[in-house]
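Working notes for the structure below.
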Amino acid sequence: MKRAIIIHFVMLMSVVGLSACATAAPNTSDPSAPDRPEKMYEDVAVEDFKQVNIGGNASSIVIRRSESENFEFYNGDLNPAHTYTVFCDKDGETLNIELMMDNLENDNDILGSPMIDIPQNEFEKIEITGKFGQVSLYTINSDVVIHANDSLVNLNLESDHLNHNITLDGSESDTFRSVSVYFDKFPDNIKMDLNLIQGSTINDPQDILKEKGLESGSGKPVISVNYTQEINIYSEE
């Protein structure tokens with residue numbers, strides 16, 4: 001499953017263009033626009049930030065780390081009629097990133113979904129609050145909080161490199177539609193704390209879970225899932 005997601009992302013990147021880290025986005029409906037990924041703005045340097053906040057309504061923006069461990073922003077929407085804007089605000093030790101879709105209220109026919117591959121810096125916290133239909137998050141070395149917004153969440157985790165907590169923060173009135181966790185191998189030091197809604201579904205074909213926690217979990221780090229309609233857990237081993 002994890003490989004399928006990565007393959008889908010590679011195919012996606014072969015047909016979409018780069019968005020902007022500025023106050024205006026390129027018009028992707030321009031027939032002269034290139035049909036391949038093209039970097040249009042400089043990367044955003046990670047610098048010495050302690051916290052990264054990600055918000056907005058852009059359902060098809062991709063945040064990807066560059067080879068130099070900076071932030072890159074791509075338009076992941078396959079509909080050329082849609083345009084996006086990326087705003088970046090550096091406030092002391094905090095980096096605020098806002099991902100916006102132009103005229104979302106008039107056209108929400110989104111043909112793509114976001115992936116967030118955070119640079120491997122030791123941030124204290126990464127918080128995702130945007131109205132994203134789907135978030136795919138890859139292993140990072142920071143505490144993570146993702147707030148529920150009727151979204152799908154994919155966590156692609158490398159067991160040996162996960163050493164910080166991940167919290168999916170939902171409530172009875174604001175839940176996650178589905179949460180999928182993909183481990184590269186069976187974890188031996190990770191705990192899962194599940195608080196699902198009534199009548200929710202747990203899909204655990206490899207019996208990774210045992211009594212609402214990982215069988216060999218030691219307590220830290222902790223993956224907390226609060227209020228989701230469905231959770232899927234897999235290991236590539």
Kindly indicate whether the side chain of [X], heavy atoms from C-beta on, has any atom under 4.5 Å from the side chain of [Y].
{"X": "Tyr182", "Y": "Glu236", "value": "no"}
{"X": "Val52", "Y": "Ile97", "value": "yes"}
{"X": "Asp184", "Y": "Asp160", "value": "no"}
{"X": "Met100", "Y": "Val86", "value": "no"}
{"X": "Ile63", "Y": "Glu72", "value": "no"}
{"X": "Val144", "Y": "Leu137", "value": "yes"}
{"X": "Val145", "Y": "Ile126", "value": "no"}
{"X": "Val135", "Y": "Ile116", "value": "yes"}

Short side-chain to backbone donor-acceptor contact, [X] and [Y], under 3.5 Å:
{"X": "Glu98", "Y": "Cys88", "result": "no"}
{"X": "Thr228", "Y": "Phe176", "result": "yes"}
{"X": "Ser136", "Y": "Asn156", "result": "no"}
{"X": "Ser200", "Y": "Gln229", "result": "no"}
{"X": "Glu237", "Y": "Phe186", "result": "yes"}

Do [X] and [Y] meet the criterion of a side-chain donor-acceptor pair at a distance under 3.5 Å?
{"X": "Asn70", "Y": "Ser68", "result": "yes"}
{"X": "Gln51", "Y": "Asn53", "result": "yes"}
{"X": "Tyr234", "Y": "Asn203", "result": "yes"}

Inset, instruction - Under the side-chain contact (heavy atoms from CB on, under 4.5 Å) rule, what do Leu155 and Ile223 come out as? Steps first, then yes or no, please. - result: CA-CA 10 Å; Leu155 301 177; Ile223 301 173; 4.2 Å; yes
Using the test side-chain hydrogen bond (donor to acceptor under 3.5 Å, both in side chains), find all partners of [X] that sit at least two apart in sequence or belong to another chain.
{"X": "Lys131", "result": "none"}
{"X": "Thr94", "result": "none"}
{"X": "Glu122", "result": "His164"}
{"X": "Gln120", "result": "Asn141"}

Value rounded to 0.5 Å, distance of [atom1] in [X] from [atom2] in [Y]:
{"X": "Ile233", "Y": "Ile208", "atom1": "CD1", "atom2": "CD1", "value": "6.5 Å"}
{"X": "Ser224", "Y": "Asn165", "atom1": "OG", "atom2": "CG", "value": "6.5 Å"}
{"X": "His147", "Y": "Thr167", "atom1": "NE2", "atom2": "OG1", "value": "9.5 Å"}
{"X": "Phe183", "Y": "Ser235", "atom1": "CZ", "atom2": "OG", "value": "8.0 Å"}

Legend entry - Counterpart residues, salt bridge (Lys or Arg N to Asp or Glu O under 4.0 Å), relative to Glu230 (two or more places apart):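 In terms of salt bridge (Lys or Arg N to Asp or Glu O under 4.0 Å), with neighbours along the sequence ignored, Glu230 is linked to no residue.
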Legend entry - Test salt bridge (Lys or Arg N to Asp or Glu O under 4.0 Å) applied to Asp117 - qualifying residues, sequence neighbours left out: Arg65
Legend entry - hydrophobic_cluster_shared for Leu157 and Leu209, side chain cutoff 4.5 Å: yes
Legend entry - Cluster check Ile166, Ile202: I/L/V/M/F/W/Y, side chain < 4.5 angstrom: yes
The criterion is side-chain contact (heavy atoms from CB on, under 4.5 Å); which residues satisfy it with [X], sequence neighbours excluded?
{"X": "Glu67", "answer": "none"}
{"X": "Ser171", "answer": "Ser173, Asp174"}
{"X": "Asp91", "answer": "Asp89, Asn96"}
{"X": "Leu152", "answer": "Gln134, Arg177, Ser178"}

Grab the two heavy atoms, one from [X] and one from [Y], that are nearest each other, plus how far apart they are.
{"X": "Gly55", "Y": "Thr129", "answer": "CA-OG1, 3.9 Å"}
{"X": "Ile140", "Y": "Leu162", "answer": "O-CD1, 4.4 Å"}
{"X": "Pro119", "Y": "Phe71", "answer": "CD-CE2, 3.4 Å"}

Inset, instruction - State whether the number of non-hydrogen atoms from other residues, nucleotides or ligands found under 6.0 Å of Glu172 atom CD is greater than 12. - result: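 Not more than 12 within 6.0 Å, no.
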Legend entry - Sequence neighbours excluded, every pair satisfying salt bridge (Lys or Arg N to Asp or Glu O under 4.0 Å) that has a member inside residues 135-149: none
Inset, instruction - Report the C-alpha separation of Val225 and Ile231 in whole Å, then their side-chain angles, then the decisive distance to 0.1 Å, and conclude whether the side-chain contact (heavy atoms from CB on, under 4.5 Å) test is met. - result: CA-CA 9 Å; Val225 181; Ile231 185 166; 4.0 Å; yes
Inset, instruction - Linking directly or through intermediates, with side-chain heavy atoms under 4.5 Å: list the remaining ILVMFWY members grouped with Tyr227, chain and number order. - result: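 Result for Tyr227 is Ile197.
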Inset, instruction - Take Ile146 and Asp169 through the side-chain contact (heavy atoms from CB on, under 4.5 Å) test and state the conclusion after the steps. - result: CA-CA 6 Å; Ile146 304 175; Asp169 183 29; over 6 Å; no
Inset, instruction - Apply side-chain contact (heavy atoms from CB on, under 4.5 Å) to Phe132 and Ser151, showing your working. - result: CA-CA 6 Å; Phe132 305 128; Ser151 56; 5.5 Å; no
Inset, instruction - Dump the intermediate steps for salt bridge (charged side-chain N to carboxylate O under 4.0 Å, His left out) on Glu158 and Lys185, then the final yes or no. - result: CA-CA 7 Å; Glu158 299 174 12; Lys185 64 179 184 178; over 6 Å; no
